[in-house]
Engineer: 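Before anything else, here's the structure in question.
Counting begins at 1 with the first residue of the sequence. All values derive from a computational prediction rather than experimental measurement.
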Amino acid sequence: MRAAARAFGARWRDRIAASDPGLLRLAAGLRTVGAISLTLAVLSLLGADVSHLVAGAIASMVATFAIREKQRDRQAVTLALGLPVAYASMSLAALLGSRPLAGDVFFVVLIFCAVYGRRFGDRGTALGLVGFQVYFLSLFVGVTGSTLPGFYAVLAVAFVCSAAARFALVPQTPTGILQRLREAFRARLAQLLAAHLELLDAGPDDIDKALAHVREGTARLHETAMLIQGRLDEGTPDEATARLVQRRIADAEIAAERLGLLLLTARSAERADTLTLHLPGAPLPEGGHLPVRDEALAALRRDLGALRLLVRISVAEGTATAQVRNRLLGYRDEENLPKASPAVQDVFRGVGEAARAVLGLRVALDGPQDESDDSPETARSREELDAEDAAIGGSEDDEEAAGETGLRRPTTRAAVQVAVGSSLAIVGGELLSAHRWYWAVLTCWIVFLNTASTGEILVKGSRRLLGTVLGVVAGIALAGLVGHHTWTAFAVVLLCVFAMFYTAPLSYTLMSFFVTAALGVLYTLLHTYSTAVLVLRVEETALGAACGIFAAALVLPVHTDRRTNELLTTVLDRLAEVTEAAVEQLSGGAPAELLDRARDLDQALADLRGATQPLTHPVTPLRTRRDTARYVVALLETCAYHARTLAAMAELLPTQRSIVADPGLRRAGQRIRHNIGAISARVAGEPSTAEVLTGPSIASLLATGGPGTPRYGRVTDRVLRHLQRLDEAVVGLARPLGAPVAAPPK
């Protein structure tokens, strides 16, 4: 029973870790709920009335979610600075409450300053958010000059309770967050291997579903790797440790992605393209077929399950586990491969490389391991890993791109846009309601947060409106249930707040739904609830979203095409940098910070993926444009995979005797670099006559040293294979992006 209970608990821990990497969403929800609960408890002991309780709950929520810095000391400083900002904002709201025109003008100025403050980093963003939200809070609860001292005390209690929740009740340290992200990476890697098993066994009717699970698992693993990358500097004791973890995470991610591609090839009549993993809806080449069911396939199924087990356990346990690890690592040697078709043998080789990556991951994350049961293959793998670890070092290049200035600066542009939109929202909101006009301003403000183009604002505004409409229905139902039972109502509000923060990164519509539902209950507590009030909230929300979209479209607009072209140019530039540096190092050139550059490419691609959401939204009427955007992003993800793999192989060069620099690779990479530059110039609108070149395969540009088909184990052959796939993907970008293609030489 105990073993079953432990297994059940381990499975649920893995599921939670995989669904919420680092438990960041869970911690945000618990921290906010804890701050609000503590504030309500203190204020109730002090005999506060309902309006003060509501103000305290909102203020503690704002003080908690506004702080986004990673270092605890910086969080404390920002929280301390936030209290005087809140005092000033509330004082001005109370002072200007009897002067509507002056109050409206100041509100617009405050909004401009709050958005402009983003240029000063996380602290400027947090203080601007506190100032705006506390001003809104003052309007919501009706703070006046005579009631100001009591609300000052409420703010002080709220900020102190927020600090207690952040640093005592739900503490988070960079080291702890990174540790949980590592566990999430393990859990998601295990889930991806389970998807690989599903793909191996899927019949003709289930193949599309299995392939979709592999795509989803690959994307989720990559997402976690990027989260880890962003936490390494704060969560590790020194740069060498950070680079070691970064290297092992990258190895495991590449090995898992390559294993999925090899499985696709084993199920295909020809070698599968990496695009199949990245393009939603792309079919398996040739429709897919099941490999011949024989002993080799049964062994492959067993070994994929064994590899998943090795990933799930955090510490190596006993001789049995060591034997499994030794068997999987043995597939790195040709003589240990079972008799099977070449494609299935490639999968076994991929299992061996994945096992090596898991071994390196375990050593990097868990420290030295028991080596008493190592086989010769395992000992060789450890020696390779030790040599790589010893070679890790170097310093990062500090590069700071020149930014735009004046009104072209993103923060200035956004501040002007939101100020104009808010002015329109104030005028329109007051026409709808002289007392609830600020809801329109709040919506206009929110649709500009974390958006950079008109299309993004349109999508965010529509999602907020949908969530608000659904939340009004829920708010009516909840208000009827709780009536005027104060503590029942606050309990419902706390549940809604937790759900709001837990779902915020997943769905903006859901977050808006829970916000509106909670507000319906708060209105009940303030004795201002009515169906008409909630309907007015929908109207004000629609008005605010419309004003935001109008301002974004007409005032210093950043059209979606321009935004995506800028980000696309950045992705192509990063791709060219990684490819050129990797090929140069593989050709015998000086070492470079390849993994850092590869992660810069990944981050640029993630930014582009977010910016194309308005183009790829399911309801967009421009179907052809949507399909083109998806295709281009999928091709770029394919390019990024091959570039990451080349970078990882290049970093092995100084430590692996099996890898020898080959100066001929420079010639093989020249065409790729030229083609990326030609496409980048076309996207950026630069005057250029460069054309995308086609011709012989990359492999034919470099003699591989022998007749016939190159052997799998030859590193140069593997490098050429990735260069060839990268070349094909880059040429494939020319048509959808309108880059001219030169006629192939005769």
Engineer: With a 4.5 Å cut-off on side-chain heavy atoms, are Leu24 and Arg231 touching?
Structural biologist: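 A side-chain contact exists here, since the closest heavy-atom pair is under 4.5 Å.
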
Engineer: Using the rule salt bridge (charged side-chain N to carboxylate O under 4.0 Å, His left out), only one of Arg599, Arg258, Arg188 pairs with Glu253; which is it?
Structural biologist: Arg599

Engineer: Any side-chain heavy atom of Ile177 sitting closer than 4.5 Å to one from Glu234?
Structural biologist: no

Engineer: Is any side-chain heavy atom of Val583 less than 4.5 Å from a side-chain heavy atom of Gln670?
Structural biologist: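 Result no, sub-4.5 Å side-chain heavy-atom pair not found.
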
Engineer: Under a 4.0 Å threshold between the charged nitrogen and the carboxylate oxygen, would Asp600 count as salt-bridged to Arg597?
Structural biologist: no

Engineer: Does the pair Glu183 and Arg186 meet the rule for a salt bridge (charged side-chain N to carboxylate O under 4.0 Å, His left out), with working shown?
Structural biologist: CA-CA 5 Å; Glu183 295 304 318; Arg186 277 188 172 127; 3.0 Å; yes

Engineer: Just how far is it from atom CG of Leu211 to atom CG of Leu263, taken to the nearest 0.5 Å?
Structural biologist: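 If I round to the nearest 0.5 Å, the distance is 11.0 Å.
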
Engineer: Grab the two heavy atoms, one from Ala643 and one from Thr579, that are nearest each other, plus how far apart they are.
Structural biologist: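 So the two residues come closest at CB-OG1, 4.4 Å.
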
Engineer: Determine, step by step, whether His722 and Met649 satisfy the side-chain contact (heavy atoms from CB on, under 4.5 Å) criterion, reporting the C-alpha distance in whole Å, the side-chain angles of both residues, the deciding distance to 0.1 Å, and the verdict.
Structural biologist: CA-CA 11 Å; His722 285 292; Met649 296 179 71; 4.2 Å; yes

Engineer: How long is the span from the CG atom in Asn675 to the CG atom in Leu693, to the nearest 0.5 Å?
Structural biologist: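 Reported value, rounded in 0.5 Å steps: 5.0 Å.
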
Engineer: Among Ile676, Thr645, Leu575, which residue satisfies the side chain to side chain contact (heavy atoms under 4.5 Å, CB included) criterion with Leu726?
Structural biologist: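 Single side chain to side chain contact (heavy atoms under 4.5 Å, CB included) partner of Leu726 among Ile676, Thr645, Leu575: Leu575.
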
Engineer: Could you tell me whether the side chains of Ser381 and Arg332 share a donor-acceptor contact shorter than 3.5 Å?
Structural biologist: yes

Engineer: Atom CZ in Arg215, atom OG1 in Thr218: separation rounded to 0.5 Å?
Structural biologist: 9.5 Å

Engineer: Please walk me through it: do Val730 and Arg671 pass side-chain contact (heavy atoms from CB on, under 4.5 Å)?
Structural biologist: CA-CA 10 Å; Val730 170; Arg671 188 168 74 197; over 6 Å; no

Engineer: Would you indicate whether the side-chain heavy atoms of Arg644 and Glu257 approach each other to under 4.5 Å?
Structural biologist: yes

Engineer: Minimum heavy-atom separation for Val578 and Ala647, please, with both atom names.
Structural biologist: CG1-CB, 4.3 Å

Engineer: Ion pair present between Glu353 and Arg349, side-chain N to carboxylate O less than 4.0 angstrom?
Structural biologist: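 The answer is no: the pair does not qualify as a salt bridge.
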
Engineer: Does a side-chain N-to-carboxylate-O contact under 4.0 Å join Glu223 and Arg220?
Structural biologist: no

Engineer: From Asp607 CG over to Thr570 OG1, what is the distance, rounded to the nearest 0.5 angstrom?
Structural biologist: 8.5 Å

Engineer: To the nearest 0.5 Å, what is the distance between CG (Leu227) and CG (Leu232)?
Structural biologist: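 Spacing of CG (Leu227) from CG (Leu232) equals 11.0 Å.
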
Engineer: Under a 4.0 Å threshold between the charged nitrogen and the carboxylate oxygen, would Lys70 count as salt-bridged to Asp122?
Structural biologist: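 Judged by the 4.0 Å cut-off on N to carboxylate O distance, Asp122 and Lys70 do not form a salt bridge.
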
Engineer: Determine the minimum heavy-atom distance between Gly738 and Arg682, stating which atoms define it.
Structural biologist: O-NE, 2.9 Å

Engineer: Hey, mind stepping through Leu193 and Leu259 against side-chain contact (heavy atoms from CB on, under 4.5 Å) and telling me if it holds?
Structural biologist: CA-CA 9 Å; Leu193 292 173; Leu259 182 57; 3.9 Å; yes

Engineer: Ile228 and Phe185: which non-hydrogen atoms are nearest, and at how many Å?
Structural biologist: CD1-CB, 3.9 Å

Engineer: Do Leu605 and Arg609 come close enough that some side-chain heavy atom pair is under 4.5 Å?
Structural biologist: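 When only atoms from C-beta onward are counted, Arg609 and Leu605 do touch, with a gap below 4.5 Å.
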
Engineer: Could you measure the distance from the CG atom of Leu328 to the CZ atom of Phe348? Nearest 0.5 Å is fine.
Structural biologist: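 Those atoms lie 10.0 Å apart.
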
Engineer: Start with the C-alpha gap between Arg248 and Asp251, add the side-chain angles, then the distance that decides, and say whether salt bridge (charged side-chain N to carboxylate O under 4.0 Å, His left out) holds.
Structural biologist: CA-CA 5 Å; Arg248 297 305 168 218; Asp251 284 347; 3.0 Å; yes

Engineer: Can Arg725 and Glu728 be counted as an ion pair, charged N to O under 4.0 angstrom?
Structural biologist: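 Salt bridge flag = yes for Glu728 with Arg725.
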
Engineer: Taking all non-hydrogen atoms of both residues into account, name the closest pair between Leu572 and Ser680 and its distance.
Structural biologist: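 Of all heavy-atom pairs spanning Leu572 and Ser680, the closest is CD1-CA, 3.7 Å.
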
Engineer: Please report the closest heavy-atom contact between Arg182 and Thr236, naming both atoms and the distance.
Structural biologist: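 Closest heavy-atom pair between Arg182 and Thr236: NH2-CG2, 4.2 Å.
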
Engineer: Quick one: do Glu577 and Arg574 make a salt bridge, cutoff under 4.0 Å?
Structural biologist: yes

Engineer: Counting C-beta onward and ignoring hydrogens, is there a side-chain heavy-atom pair between Val632 and Leu608 closer than 4.5 Å?
Structural biologist: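 Side-chain contact under 4.5 Å: no.
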
Engineer: Are any non-hydrogen side-chain atoms of Leu200 and Val347 less than 4.5 angstrom apart?
Structural biologist: no

Engineer: State whether Glu198 and Arg308 are salt-bridged, where the test is any N-O pair (Lys NZ or Arg NE/NH1/NH2 against Asp/Glu carboxylate O) under 4.0 Å.
Structural biologist: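 Salt bridge: no.
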
Engineer: When you measure from the side chain of Asp238 to the backbone N and O of Thr241, does any donor-acceptor pair fall under 3.5 Å?
Structural biologist: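 The answer is yes, because a donor-acceptor pair under 3.5 Å joins these two groups.
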
Engineer: So, do Asp346 and Thr265 sit near enough that their side-chain heavy atoms are less than 4.5 Å apart?
Structural biologist: no

Engineer: Going through the distances and angles, do Arg735 and Tyr631 end up as a side-chain contact (heavy atoms from CB on, under 4.5 Å)?
Structural biologist: CA-CA 11 Å; Arg735 180 183 58 80; Tyr631 181 68; 3.9 Å; yes

